[in-house]
2 protein chains.
Amino acid sequence: MKKNVTIKDVALAANVSIATVSRVINQNSSVNPEIKQRVLDAISMLNYYPNSAARSLKTHNTRTIAYLVSNISDYFFTTVGKGIEDVIKKYDYNLMLCNNANSEEVELAYIKLLQEKKVDGIILNTTGKNNELIAEISKDLPIVLSNRQVNHPDFRGDFIDFDNISGIYELTSHLISLGHRKIGIINGAIYLSTFRERFEGFAKAMKTIGVIVDNDYIYNYNGDGFSTFIDGYDGANYLMNLEEKPTAIVMTNSELAFGALKYFKSNNIRIPEDVSIVSFGDIVNRDILYVQPTITYTNLMGIGNKIGELMIERIEKNNQIINREIRFTTQIDYGNSTRKI
Amino acid sequence: MKKNVTIKDVALAANVSIATVSRVINQNSSVNPEIKQRVLDAISMLNYYPNSAARSLKTHNTRTIAYLVSNISDYFFTTVGKGIEDVIKKYDYNLMLCNNANSEEVELAYIKLLQEKKVDGIILNTTGKNNELIAEISKDLPIVLSNRQVNHPDFRGDFIDFDNISGIYELTSHLISLGHRKIGIINGAIYLSTFRERFEGFAKAMKTIGVIVDNDYIYNYNGDGFSTFIDGYDGANYLMNLEEKPTAIVMTNSELAFGALKYFKSNNIRIPEDVSIVSFGDIVNRDILYVQPTITYTNLMGIGNKIGELMIERIEKNNQIINREIRFTTQIDYGNSTRKI
DNA sequence: CTGTTAGCGCTTTCAA
DNA sequence: TTGAAAGCGCTAACAG
């Protein structure tokens with residue numbers, strides 16, 4: 001049975017009013033040192049913790065920021081989450097990590113829940129399926145979008161992402177410079193801004209060698225955005241069974257790359273002898289994979305830090321900030337997954 | 001600026017009392033269908049969400065369970081977390097995932113915070129350094145320990161873990177059956193129950209071939225429990241530079257294995273030609289590593305589900321349950337990392 | 001510097 | 001079945 005020690009008990013024990021106790025807890029107005037010590041003693045003696053529900057009810061803030069992501073097991077999000085936490089902790093905010101599992105319904109339920117919890121802000125890696133609602137609540141609640149844009153004229157908030165176009169452009173250009181011409185792409189669902197942009201970067205690079213990449217491009221495989229691992233596997237399967245196989249493939253994220261690698265390994269397709277590959281984004285434990293894909297990397301903690309700063313600012317300015325967009329540029333980290341042809 | 005729609009606004013709009021609105025929200029007592037509809041309409045029109053701080057203040061529960069883990073980027077914890085969530089969602093509880101980063105101080109701060117937030121229960125993968133405090137609060141607050149024991153007579157709560165002893169025993173026995181005698185172990189900090197037990201399982205298996213394994217055992221490397229990846233690397237380095245090298249090594253978790261593999265690969269030590277290895281616990285993307293370690297595996301979602309059930313029961317029974325201990329047995333999944341000698 | 005008090009938004013008796 | 005009203009634990013005027 002929870003016996004709740006309240007501010008009253010402390011006041012009683014210290015023989016002061018509850019207002020005084022409140023003052024020593026919040027350290028803003030000055031209290032007689034001697035009395036303050038008495039209160040402090042009472043607090044530790046009674047093992048008192050202020051009830052944050054009561055506090056929130058009064059102050060209208062919870063000092064809690066939510067980070068709602070599409071896959072809580074993804075190294076990217078958890079690492080970015082650590083970066084966010086580092087910053088917001090300094091301002092005495094806490095992070096609540098939630099998983100929408102790429103589900104429109106779960107995202108909806110969470111948004112509702114987070115509104116009830118009256119979190120002070122939401123950092124959102126959205127499913128891309130609740131744009132209307134998100135735009136609506138963004139008027140009142142600070143929102144920072146992580147990696148996926150909300151396409152709605154009324155949306156208010158910040159957006160942070162990689163520079164997807166230039167990242168993929170460089171990866172693809174690298175393949176081109178090695179002599180590749182028949183280059184495949186395994187991509188995620190293009191209703192998501194990330195994947196749309198990555199596709200664009202690919203098309204832009206291919207255009208430099210006169211290849212038109214559009215929806216009919218034969219070497220294009222599109223996943224549905226739910227299980228990118230399986231999409232990667234299926235995409236590799238599709239591309240490597242074409243009449244005329246590609247000599248190189250661009251994967252637009254690490255999960256896709258994992259799935260594709262699984263396919264290649266299972267089917268004894270050698271990298272880079274049979275096909276060269278490159279992949280967008282950091283890969284955990286890349287050094288001990290059977291092949292080291294050439295990738296783009298970015299400072300993930302740095303992304304998290306930046307997100308944290310944007311959010312804190314937005315909260316402190318009462319959401320009265322025009323929409324901002326931050327792009328992190330990527331660097332190529334060469335592995336052993338490509339060859340000259 | 002947040003304009004907060006409250007129960008009062010809804011009552012006004014629907015032309016009923018706030019008590020009636022409360023009744024339709026909580027769906028327990030009966031309300032005239034017509035009035036109910038009026039209230040429902042007002043709720044959706046005003047886009048009203050009940051304030052959970054106010055609700056908590058009144059009901060003394062938050063319908064929130066915290067999962068405080070030592071590394072939020074660890075696949076094990078996030079997957080178990082999903083399993084927990086699946087169960088508790090059914091009972092209308094939410095999960096709050098927090099990271100103590102293996103730090104005694106951060107753990108302390110979180111425990112304090114979670115008390116303030118008045119979470120309904122804490123699922124804890126403890127640092128092992130705050131046993132006294134945890135035992136103290138466990139009297140009032142439901143606690144389920146995930147993978148790390150709290151050694152204190154006053155602790156009340158449940159404990160769930162692998163059957164560490166038999167898991168390592170079997171892995172080690174496998175090496176023995178292949179003819180290995182000089183077998184090394186790379187282990188985590190033994191003030192943690194998990195690693196203590198795994199060491200015990202190892203010693204037990206070695207005893208069957210007459211080898212006494214104690215603290216002076218030459219082929220034993222102990223990490224500090226903070227960065228198991230680096231410990232894995234250092235441990236491999238230590239063992240492979242001994243006068244008389246081991247022919248096989250047992251790693252007691254996957255992070256240790258990753259670090260060791262990194263060492264082996266960097267130093268051109270071949271697996272299993274130069275040394276055989278086995279590792280405790282599931283490994284993500286094992287299929288595409290440069291070698292597939294023989295491991296133990298377990299149904300991680302199942303562990304999460306069980307933790308969720310234990311917690312829900314404990315909450316509903318007001319923490320009036322004697323301490324329970326659940327052990328998940330592991331299965332060996334053979335890779336290509338061992339050889340006969 | 002300290003105490004009294006109103007009220008945050010909700011649930012839940014108690015009366016009607 | 002519905003409404004009035006008390007009170008959850010806290011903060012912040014306001015008064016002294």
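These values consider heavy atoms only, across backbone and side chains, with no hydrogens, waters or symmetry-generated copies. Here is the naming used below: chain letters follow the sequence lines, and residue numbers restart at 1 for every chain.
When the P atom of dT2(D) is taken as reference, atom CZ of Arg23(B) falls 8 Å away, rounded to whole Å. For the pair Lys118(A) NZ and dC10(C) C1', the interatomic distance rounds to 11 Å; values are reported in whole Å. Asp9(B) places its CG atom 13 Å from the C1' atom of dC10(C), with the value rounded to the nearest Å. Distance CG (Leu12(A)) to P (dC10(D)): 14 Å, rounded to an integer number of Å. As rounded to whole Å, 15 Å separates atom C1' of dT11(D) from atom CD of Gln27(A).
OP1 and OP2 of dT2(D) both lie 4.0 Å or more from every side-chain N or O belonging to Thr20(B).
Glu104(B) and Thr127(B) are not linked by any side-chain donor-acceptor pair at a separation below 3.5 angstrom, with hydrogens and angles left out of the test.
Heavy-atom contacts from other residues, nucleotides or ligands closer than 6.0 Å to OH of Tyr48(B) number more than 12.
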Could you go through nucleotides 6-9 of chain D and list every protein N or O atom that sits under 3.5 Å from one of its N or O atoms, giving the distance for each pair?
{"unit_1": "dG7(D)", "atom_1": "N2", "unit_2": "Lys58(B)", "atom_2": "NZ", "d": "2.9"}
{"unit_1": "dG7(D)", "atom_1": "N3", "unit_2": "Lys58(B)", "atom_2": "NZ", "d": "3.1"}
{"unit_1": "dG9(D)", "atom_1": "N2", "unit_2": "Ala54(A)", "atom_2": "O", "d": "3.3"}

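Salt bridge Glu325(A)/Arg327(A): present, at least one basic N to carboxylate O contact under 4.0 Å. For Arg314(A) and Asp158(A), the salt-bridge test passes: some basic side-chain N is under 4.0 Å from an acidic carboxylate O.
In this view, Asn305(A) satisfies the side chain to side chain donor-acceptor pair (under 3.5 Å) rule with no residue, not counting sequence neighbours. Under the rule for a side chain to side chain contact (heavy atoms under 4.5 Å, CB included), the partners of Ala189(B) that lie at least two apart in sequence or sit in another chain are Tyr191(B).
Nucleic acid contact class of Ser22(B) (heavy atoms, under 4.0 Å, all strands): base.
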